[in-house]
Amino acid sequence: QSLIIMATNLKLVAALFIVFVVATNSTCKKPCTKTEYAFNLNAKAYIDADSINVGDTVWLDINESTNLIDNLSNNSIDFSGDSNLSTVLSIIEYLGNTQSRGAINDFTFILIKGQLVPSGINPDLLKEYKFDEVGGRYLFKVALIPNRKGVYRIALSNAANVFQGNNNC
């Protein structure tokens, strides 16, 4: 008799497993489509004088609408509510004709608008910043103050894995 009960329980477990698999795989889900965009955001860089000395301030400023023009389609894309629109700031020092080094630590940073994104990726070369979204605008402003003399290149570039907040893909 216990063999019959065990066989009945095994059939019940198998039947419940099949119902579970069918139920979880047949729920209505929207298809996940990955959409790619290419945007240009204009950054302003300015200083208080016509040259930069140790201790002077270089300002980097971005103030863009959350409605961005896609370079691929030329359509306006409402990117408001985005969870991580950001940029990467990198600084290198030229050490001659063919050599350079990451020089982010040669500068003091004062962040006015935006948020520093913690990253362990090449900390001598770059910092990643997320833009603030305020009143339909993306805002970023940082002061860079050189701590030593040198020939530097400062660049803003794309951050990896930027996605719209309402798109889980």
Side-chain angles (χ1 to χ4, degrees), residues 27-53 56-148 150-169:
T27 57
C28 180
K29 296 179 184 176
K30 290 183 179 180
C32 186
T33 56
K34 184 178 176 183
T35 305
E36 293 190 20
Y37 300 115
F39 302 122
N40 286 333
L41 281 85
N42 296 312
K44 295 177 188 172
Y46 49 94
I47 57 175
D48 294 329
D50 60 352
S51 64
I52 303 169
N53 295 303
D56 288 349
T57 302
V58 178
W59 292 97
L60 298 178
D61 192 2
I62 295 175
N63 183 339
E64 287 284 337
S65 171
T66 56
N67 289 309
L68 302 170
I69 302 299
D70 177 29
N71 295 336
L72 304 174
S73 67
N74 208 30
N75 292 328
S76 177
I77 307 297
D78 180 3
F79 224 66
S80 62
D82 173 66
S83 60
N84 71 337
L85 187 61
S86 46
T87 189
V88 173
L89 186 142
S90 61
I91 302 177
I92 65 166
E93 180 183 17
Y94 291 109
L95 302 172
N97 291 335
T98 59
Q99 294 183 335
S100 63
R101 68 173 186 87
I104 205 96
N105 296 317
D106 290 358
F107 288 76
T108 298
F109 292 78
I110 302 172
L111 185 61
I112 307 298
K113 294 177 186 158
Q115 300 166 39
L116 179 64
V117 177
S119 173
I121 300 172
N122 211 346
D124 292 331
L125 176 64
L126 57 89
K127 290 182 182 268
E128 184 173 342
Y129 293 97
K130 180 181 176 285
F131 301 140
D132 286 341
E133 183 180 342
V134 179
R137 313 268 325 152
Y138 282 119
L139 305 175
F140 171 69
K141 187 171 186 176
V142 65
L144 307 176
I145 303 167
N147 298 320
R148 55 181 293 236
V151 178
Y152 296 97
R153 183 192 74 186
I154 300 170
L156 293 172
S157 59
N158 298 337
N161 300 316
V162 172
F163 57 87
Q164 280 181 284
N166 58 1
N167 185 350
N168 293 327
C169 296

Would you please test Asp56 and Ile47 for side chain to side chain contact (heavy atoms under 4.5 Å, CB included) and show each step?
CA-CA 8 Å; Asp56 288 349; Ile47 57 175; over 6 Å; no
Full working for side chain to side chain contact (heavy atoms under 4.5 Å, CB included) between Phe107 and Val58:
CA-CA 10 Å; Phe107 288 76; Val58 178; 5.6 Å; no
Applying side chain to side chain contact (heavy atoms under 4.5 Å, CB included), run through Phe109 and Leu116 and close with a yes or a no.
CA-CA 11 Å; Phe109 292 78; Leu116 179 64; over 6 Å; no
Side chain to side chain contact (heavy atoms under 4.5 Å, CB included) between Leu85 and Leu68, worked out:
CA-CA 12 Å; Leu85 187 61; Leu68 302 170; 4.3 Å; yes
Test salt bridge (charged side-chain N to carboxylate O under 4.0 Å, His left out) on Asp132 and Lys113 and set out the steps.
CA-CA 6 Å; Asp132 286 341; Lys113 294 177 186 158; over 6 Å; no
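Listed for the Arg153 side chain is no donor-acceptor partner under 3.5 Å among the backbone atoms of Ile92. When atom types are taken as modelled, the side chain of Thr87 and the backbone of Ser157 share a donor-acceptor pair closer than 3.5 angstrom.
Proximity of Asn147 to Asp106: side-chain heavy atoms (C-beta onward) are nowhere separated by under 4.5 Å. Residues Ser100 and Leu95 have side chains not in contact (no heavy-atom distance under 4.5 Å, counting atoms from C-beta outward). Side chains of Ile154 and Leu60 form a contact here, defined as non-hydrogen atoms less than 4.5 Å apart.
Ser65 and Asn67 get closest at one heavy-atom pair: OG-N, 3.0 Å. Heavy atoms only, all atoms of each residue included: Leu111 and Lys141 are closest at CD1-O, 3.6 Å. Residues Tyr129 and Val117 come closest through the heavy atom pair C-CG2, 4.1 Å. Nearest heavy-atom pair, Asn53 versus Pro146, reported as atom, atom and distance to 0.1 Å: O-CG, 3.6 Å.
No more than 12 heavy atoms of other residues, nucleotides or ligands lie within 6.0 Å of CG in Asn74, so this atom counts as exposed by the packing criterion.
The distance from atom NZ of Lys127 to atom CG of Asn105, rounded to the nearest 0.5 Å, is 7.0 Å. Taking CD1 of Ile104 as the start and CD1 of Ile91 as the end, the distance is 4.0 Å to the nearest 0.5 Å. Here the straight-line distance linking atom CG of Leu156 with atom CG of Leu126 works out to 11.5 Å at 0.5 Å rounding. Here the straight-line distance linking atom CG of Asn63 with atom CZ of Phe140 works out to 12.5 Å at 0.5 Å rounding.
Under the side chain to side chain donor-acceptor pair (under 3.5 Å) rule, Ser86 has a single partner from Gln115, Glu128, Lys130, which is Glu128.
In this structure, Lys44 forms no cation-pi arrangement with Trp59, as its terminal cationic atom is not both closer than 6.0 Å to the ring centre and no more than 45° off the ring axis.
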